[in-house]
Amino acid sequence: QVQLVESGGGLVQAGGSLRLSCAASGRPFSLYTMGWFRQAPGKEREFVAAITWNGGDTYYFASVKGRFTISRDNAKSTVYLQMNTLRPEDTGVYYCAARMGIIDYPIPDKYAYWGQGTQVTVSS
């Protein structure tokens, strides 16, 4: 089992920045690919970013590429999502998730473990 706890969400104006953190406990963190997803009211959960076990490869949803950066610190068992130039359409609950492997990384069902989520609200 892996337990994931997100933090860092909040209310920010458009154009602002936030840094989300996700602390993991349980099985060795470095075994897992980590992903960030988000869900807006009335919409399906969507992929935001993913990072491989050693940080060697990162993947982004097209609309966040160049604005968001995913990173990880295996010594601290933590994955981060730096979000810059935020837009109102970035509003939603942000979840971190963990899985083995990287195939089909944008698909939520491929992730075995999930955090409880943190709310991000971007005002216009």
Side-chain angles (χ1 to χ4, degrees):
Q1 289 283 356
V2 176
Q3 293 77 43
L4 302 172
V5 179
E6 302 96 335
S7 60
L11 173 64
V12 64
Q13 289 189 331
S17 298
L18 282 174
R19 188 194 196 202
L20 305 183
S21 299
C22 174
S25 60
R27 291 185 177 178
F29 179 72
S30 60
L31 292 176
Y32 296 94
T33 291
M34 299 300 297
W36 285 98
F37 291 77
R38 65 188 180 191
Q39 189 166 19
K43 295 188 176 181
E44 292 188 353
R45 193 167 297 189
E46 68 178 8
F47 170 75
V48 175
I51 187 167
T52 51
W53 68 276
N54 63 351
D57 292 291
T58 56
Y59 306 86
Y60 296 94
F61 184 49
S63 72
V64 308
K65 200 167 186 179
R67 300 188 298 123
F68 291 11
T69 302
I70 188 171
S71 62
R72 66 190 295 162
D73 185 338
N74 285 349
K76 296 182 178 180
S77 298
T78 301
V79 62
Y80 304 97
L81 186 68
Q82 177 66 45
M83 305 186 295
N84 298 328
T85 320
L86 282 160
R87 305 168 180 169
E89 54 264 38
D90 294 318
T91 293
V93 178
Y94 281 69
Y95 299 90
C96 72
R99 58 164 289 180
M100 303 293 285
I102 193 62
I103 294 174
D104 294 330
Y105 60 84
I107 301 175
D109 287 349
K110 298 297 184 181
Y111 290 76
Y113 304 103
W114 291 83
Q116 83 289 347
T118 186
Q119 177 71 46
V120 171
T121 304
V122 184
S123 63
S124 57

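Hydrogens, waters and symmetry mates are skipped; everything else that's a heavy atom, side chains included, is used. Keep in mind that what you see is a predicted model, and the values were worked out from it rather than measured.
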Measure the [atom1]-[atom2] distance between [X] and [Y] for me, rounded to the nearest 0.5 Å.
X	Y	atom1	atom2	result
Thr33	Ile102	OG1	CD1	4.0 Å
Lys110	Asp104	NZ	CG	5.0 Å
Trp114	Arg99	CH2	CZ	10.5 Å
Gln3	Ser77	CD	OG	11.5 Å

Under the disulfide (SG to SG under 2.5 Å) definition, can you give me all pairs with a residue in [range], not counting sequence neighbours?
range	answer
residues 24-65	none
residues 40-88	none
residues 10-88	Cys22-Cys96

- Message: Holding to ring pair (Phe, Tyr, Trp, His ring centres under 6.0 Å), I want the full list of residues that pass it with Phe68, two or more places apart in sequence or in another chain.
- Response: none
- Message: Once ring pair (Phe, Tyr, Trp, His ring centres under 6.0 Å) is applied, do any residues pair with Trp53, and if so which ones, sequence neighbours excluded?
- Response: none
Without placing hydrogens or testing angles, list every side-chain donor-acceptor pair under 3.5 Å for residues 56-66, not counting sequence neighbours.
from, atom 1, to, atom 2, distance (Å)
Tyr60, OH, Ile70, N, 2.9

Nearest heavy-atom pair of [X] and [Y]: which atoms, and what distance?
X	Y	answer
Phe29	Ala24	CD1-CB, 3.4 Å
Phe47	Pro106	CB-O, 3.5 Å
Ala98	Met34	CB-SD, 3.6 Å
Ala14	Ser124	CB-CA, 4.4 Å
Ile51	Ser71	CD1-CA, 3.7 Å

- Mind checking side chain to side chain contact (heavy atoms under 4.5 Å, CB included) for Val93 and listing every partner two or more places apart, or none if nothing turns up? Tyr95, Gln119
- Item | Pairs where residues 13-37 contributes a residue and the test salt bridge (Lys or Arg N to Asp or Glu O under 4.0 Å) is met, not counting sequence neighbours | none
- Item | Thr78 side chain vs Ala23 backbone, donor-acceptor pair below 3.5 Å | no
- Task: Could you tell me whether a side-chain N or O of Gln39 sits under 3.5 Å from a main-chain N or O of Gly92, the two making a donor and an acceptor?
- Result: no
Output all residues satisfying side chain to side chain donor-acceptor pair (under 3.5 Å) with [X], sequence neighbours left out; order by chain, then residue number.
X	value
Ser30	none
Arg38	Glu46, Asp90, Tyr94
Glu89	none

- Message: With a 4.5 Å cut-off on side-chain heavy-atom distances among I, L, V, M, F, W and Y, is there a chain of contacts connecting Met100 to Leu4?
- Response: yes
Donor-acceptor pairs under 3.5 Å, side chain of residues 79-87 to any protein atom, not counting sequence neighbours: which ones?
from, atom 1, to, atom 2, distance (Å)
Gln82, NE2, Asn84, OD1, 2.9
Asn84, OD1, Ser17, OG, 3.0

- Query: Does the side chain of Val120 reach to within under 4.5 Å of the side chain of Leu20, using non-hydrogen atoms?
  - Reply: yes
